[in-house]
Amino acid sequence: MALGSLNDLYRDKVILDHCRNPRNSAVLDLPDVSCEAINPFCGDEIRFQINLDDSDRVREVGFQGEGCAINQAAGSIVSEALNGLTLTDVLDLSKKFSRIMEASLPKDVVVADKEAINLGELSALYKVREFPVRVKCALLVWSALDSGISTLA
Amino acid sequence: MALGSLNDLYRDKVILDHCRNPRNSAVLDLPDVSCEAINPFCGDEIRFQINLDDSDRVREVGFQGEGCAINQAAGSIVSEALNGLTLTDVLDLSKKFSRIMEASLPKDVVVADKEAINLGELSALYKVREFPVRVKCALLVWSALDSGISTLA
Amino acid sequence: MLDVQKIRNDFPILGREVNGHPLVYMDNAATTQKPRQVIQALVDYYENFNANVHRGVHTLSMEATDMYEDARKKVAKFINAGDPDTVIWTRNASESLNLVAYSWARENVESGENIVLTPMEHHSNLVPWQELTREKNAAIRYIPLDNEGVLDLSDIDSIIDDRTALVSVVHMSNALGTVNPIKKLCDLAHARGAKFLVDGAQSVPHMVVDVKEIDCDFMAFSGHKMMGPTGIGCLYAKKDVLEGMKPFLTGGEMVLEVSYEKASWADLPMKFEAGTPNIADAIALGVAVDYLEDIGMANIDEYERDLTGYALNKFIDVEEEGGKLFGPRNPDQRGGIISFDTPDIHPHDLGTLLDQMGIAVRTGHHCAMPLVRSLGVAATSRASFYVYNTKKEVDVLIEGILEAMRYFRDGVR
Amino acid sequence: MLDVQKIRNDFPILGREVNGHPLVYMDNAATTQKPRQVIQALVDYYENFNANVHRGVHTLSMEATDMYEDARKKVAKFINAGDPDTVIWTRNASESLNLVAYSWARENVESGENIVLTPMEHHSNLVPWQELTREKNAAIRYIPLDNEGVLDLSDIDSIIDDRTALVSVVHMSNALGTVNPIKKLCDLAHARGAKFLVDGAQSVPHMVVDVKEIDCDFMAFSGHKMMGPTGIGCLYAKKDVLEGMKPFLTGGEMVLEVSYEKASWADLPMKFEAGTPNIADAIALGVAVDYLEDIGMANIDEYERDLTGYALNKFIDVEEEGGKLFGPRNPDQRGGIISFDTPDIHPHDLGTLLDQMGIAVRTGHHCAMPLVRSLGVAATSRASFYVYNTKKEVDVLIEGILEAMRYFRDGVR
Ligand SMILES: Cc1ncc(COP(=O)(O)O)c(C=O)c1O
Ligand SMILES: Cc1ncc(COP(=O)(O)O)c(C=O)c1O
């Protein structure tokens, strides 16, 4: 009935999979980077631990979170997407993702639509754009990472 | 032209006369009662000095004021109207006058219209009612008297 | 009896569709909708009377002043304040509460004293006191709750004591729906020499509230939660209390005389109203009060009680699916607020799904973060009613919740 | 060029009669009239979008939040603030000024320091500093005026000194019309390490105001004086200054986290916006800004300058009858405010007589009591223009003043 009309956000295979089986949920001891963020408006919480390899690339990630499905899926998807990136890469990806999610001028949206396709599993989160209020649920992971990494520098 | 339509407030003989020749303007030394009031909204000021006779009735009044014509006329008229009254009479007159000037329910206005006729020269001030914003100009004298007399008690 | 259809027709927004469904607006504890009479009052004012108040001798200013002060009289009468000068215009209940914290408490609460609150206070009746007590080295004490979210007064005599400066209590909790025994608490506070403040943000819009009968020293509430516009709220306080307080915001017309060195203060209520007030919205709040009184506050209360009873019954269906209701079960102890948790589906996801069906509920901590945490959740879903809601809408809500739970179970979890 | 008749048609109230005459509204420094676009924005909001902002996942709340934050962006762009988060919503300029006094000055002004003002400050930019300096045992210093009501900066280096914490100056005086050299004063303040605050209540509505170019730390202004509704005003401040400030009002959504013991603060701008904001009026102020920008602030400035020049010329007729103009004669140093005294007729009597002719002017101390007293009068009469006033209306005003003076001379005096 009513929900027949719902956009397929909550039916997306990738999101479903990550919600049901969150990846990298173990807490890492003594990580190189550790960070968290909370969204005071909804009480969502996210925590990351990151270990780097010899060439300063992400080798291992721990992710734990509480909150809505979008926040959970985002944390799990991102925990995988970080693999092999330098911390600078992570910040760049964060910027890019936020830009894509928050594009509002028509010409920016066209660009965002295109860029979103090439984000691997992260693309699934692009659907959240149709629920603007929920975009911040998909962005909370990134503010955790941004703040954690920038305190290092 | 335009002012042809003006209500005859500023043309009233009594008001004209008191404005042109304010009564009792001399300051009394060492008065029995001394009081003042200011209207912060317009800067109007009023000062009274009162001397009483042996039977505690008003014998002599000094009145000085600054401000608009209505305030001036009211001060002068009232300075005469006090003669022979006890301080209690003054407070009663003050109450009565305020009630008359501020009557707003239709039935109260009918009563006020009637009572206003019997106030001697004070009746002239009743015309101010047609300019509700200016009513407080006619009442400032009374707040001076009220406060001065009640601090005595 | 109350003709809900007629009332609904006065609310233009209720004719709106959301996501292809008729709007079912159940976020009334956050803010209520406005009848066209209130909207029209704004139009009338700006099209015919707009002028600054209190200072002008010209006609518009005089008319605007009369309308503005009439609105104050209406509100004063509405809560039975007696003297209209005891009603101070603020932006909202939050500003009213801060006004008390800054102007009264700063001067009257001393080191070692305490302020008594309940655990279900809205942040606006909590954070100002945290700041104040920290500054003054005073303490906050909380009256405990039982597990239905009802105040437990068994130990009240050791909580409100001779060192209590203020007892400040929400009349109806926006997070639980609980209605507190305000009169009793007020008497207890006064018996110990403490002042008593009622946060009436959720009660004044929904029931007969009589400040004289309660005998409270302060009451705060918001216009936008009682069919009035945003941007206007009230602080009621007893006259002698207000007279003893120093001003809060200064400047504009709240003075009697100003020199380059110092100022003296105008009489009540202007002493507490610095700068050009929110004239239009005060007038429109007066019209909202007219509207509420036309229906009758007792009728509104009765109608909402019935609707809430109906909803609580219906909610059993959700409970059978694992849903959990917060707040008292007994309809006599609560107002028209249904706050709940649903298994397996986070409130935000539920909110999004209900919104897809045109149903507006609130999800989150409802500005009562510590309370919601103490319930063991980070957020709840909350449906809150007003006199324009119907049993049919309650049906749609309950069906929607069940549908969303099923949908989610089949999918995400 | 600017089509005044077209503009006038947008203002419903300008079609009104007062005492049988077409309204000539010249009380714009007190508050301005509103175009139908602004009034309609209120209606649209309440009929279609009304919801509480920031907290809801439902459609109405989302739409309301977008509209509300868009309005902030518009205002930020209007004064060239850059980051919209540096624009804080308040009720009016007075609250903005008090916010700075409570949240910034309380923490930053120390005993022995001084705050520099001008003698032409509105009470709202005077009394808060009197209270603050008394509390802190600091001093107020005034930059002197010459006899035309223009700041005399000859001794400024001994007035603004190393112990100056804040220089707070009105951009355009509402009592004299004087426009002050804000940029220069700002540079002087900064050279001594003082913060600089602009009271823009009378300038932002009438000219291009660019906070970046001025480089001021704070600017306060009111929506109702710029075609917006009553009840909404703004405080602009530099971001780092705002970030360093503690909150003013607490509660509601201005928190990040709250426990029963303590709270932490939300980011800008919400840190300074406790409780449900004045959503509808903020949105409508955004529409007023659109309206002003459509006309163009430079065009408005030019038009009003021309009108004021015309009025100053015409005023010579009044001066020939003994009238006295306050404020600078030079049109480059003043805005569209004509403040004056008339011999033999008190401003209030003049105001009443002009009102009989449909002309709305303000009479009194214009919330600048010490200044007006220093002019040697207890009150002045003040006509203040906006872009919808015409030369024909100026003619009516001048004729009206002359008529009233004659009438009074023949009669009362
Ligand atoms: C120069 C100036 N500053 C401040 C204010 C105060 O504005 P508001 O009354 O809107 O707070 C005014 C308006 O009267 C003004 O003219
Ligand atoms: C119980 C209670 N108190 C205070 C408030 C604060 O009201 P406002 O946001 O209008 O200041 C609210 C509204 O959210 C409330 O529900």
Side-chain angles (χ1 to χ4, degrees), chain C residues 12-13 16 18 27 30-31 33-34 39 42-43 46-48 50-52 55-60 91-95 97-98 123-124 127-128 130-131 222 224 229-231 249-252 255 258-260 262-263 274-276 278-281 348 351-352 355 360 362-364 367 369-370, chain D residues 12-13 16 18 27 30-31 33-34 39 42-43 46-48 50-52 55-60 91-95 97-98 123-124 127-128 130-131 222 224 229-231 249-252 255 258-260 262-263 274-276 278-281 348 351-352 355 360 362-364 367 369-370:
Chain C
I13 206 172
R16 192 187 147 160
V18 166
D27 193 15
T31 200
Q33 299 304 338
K34 325 301 173 196
I39 304 172
L42 295 170
V43 174
Y46 287 124
E47 291 195 344
N48 300 299
N50 174 62
N52 213 325
R55 305 180 227 179
V57 296
H58 62 77
T59 299
L60 291 187
R91 178 171 34 250
N92 51 29
S94 301
E95 188 188 8
L97 292 159
N98 276 274
H123 294 164
S124 296
V127 186
Q130 291 180 339
E131 294 299 290
S222 286
H224 70 94
T230 57
L249 306 180
T250 59
V255 296
V258 183
S259 69
Y260 282 124
K262 64 178 201 292
T276 304
N278 190 347
I279 306 164
D281 290 331
H348 277 71
T352 295
D355 184 52
R362 186 92 355 190
T363 61
C367 285
M369 221 187 258
Chain D
I13 205 172
R16 189 187 150 160
V18 165
D27 193 15
T31 200
Q33 299 304 337
K34 326 299 174 198
I39 303 171
L42 295 170
V43 174
Y46 286 124
E47 290 194 346
N48 299 299
N50 175 63
N52 214 326
R55 303 179 227 177
V57 296
H58 61 78
T59 299
L60 291 186
R91 178 171 36 247
N92 50 29
S94 301
E95 188 189 8
L97 292 159
N98 277 274
H123 294 164
S124 296
V127 185
Q130 292 179 337
E131 294 299 289
S222 284
H224 70 94
T230 57
L249 306 180
T250 59
V255 296
V258 184
S259 70
Y260 282 125
K262 65 176 197 294
T276 303
N278 189 345
I279 306 165
D281 290 331
H348 276 72
T352 295
D355 185 52
R362 187 85 5 184
T363 61
C367 285
M369 220 187 255

* Starting at CD of C/E131, measure out to CG of D/L249 and round the result to the nearest 0.5 Å. =>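 That separation rounds to 11.5 Å.
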* Asked: CG/C/N278 to CG/D/N278 distance, rounded to the nearest 0.5 angstrom?
  ->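 These two atoms lie 5.5 Å from each other.
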Please classify the contact between [X] and chain C as side chain, backbone, both or neither, with a heavy-atom cut-off of under 4.5 Å.
| X | answer |
| --- | --- |
| D/S222 | neither |
| D/N50 | both |
| D/V43 | both |

Contact between [X] and [Y] at the side-chain level, heavy atoms closer than 4.5 Å - yes or no?
| X | Y | answer |
| --- | --- | --- |
| C/N98 | D/T250 | yes |
| C/L60 | D/I13 | yes |
| C/E47 | D/K34 | no |

* Could you tell me which portion of C/V18 (side chain, backbone, both or neither) has an atom closer than 4.5 angstrom to a non-hydrogen atom of chain D? =>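 Only the side chain of C/V18 comes within 4.5 Å of chain D.
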* Considering only heavy atoms, which portion of C/R16 lies under 4.5 Å from any heavy atom of chain D: side chain, backbone, both, or neither? ->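 When you check distances to chain D, only side chain atoms of C/R16 fall under 4.5 Å.
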* Taking all atoms of both residues into account, what is the closest heavy-atom pair of C/T352 and D/V57, and its distance? ->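 Where C/T352 meets D/V57 most closely, the heavy atoms are N-CG2, 3.9 Å.
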* Please report the closest heavy-atom contact between C/N52 and D/H224, naming both atoms and the distance. =>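 That closest heavy-atom pairing would be ND2-CE1, 4.0 Å.
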* **Among the listed options D/G351, D/A30, D/A93, the residue most often paired with chain C at heavy-atom distances under 4.5 Å** =>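 Top count of heavy-atom pairs under 4.5 Å with chain C: D/A30.
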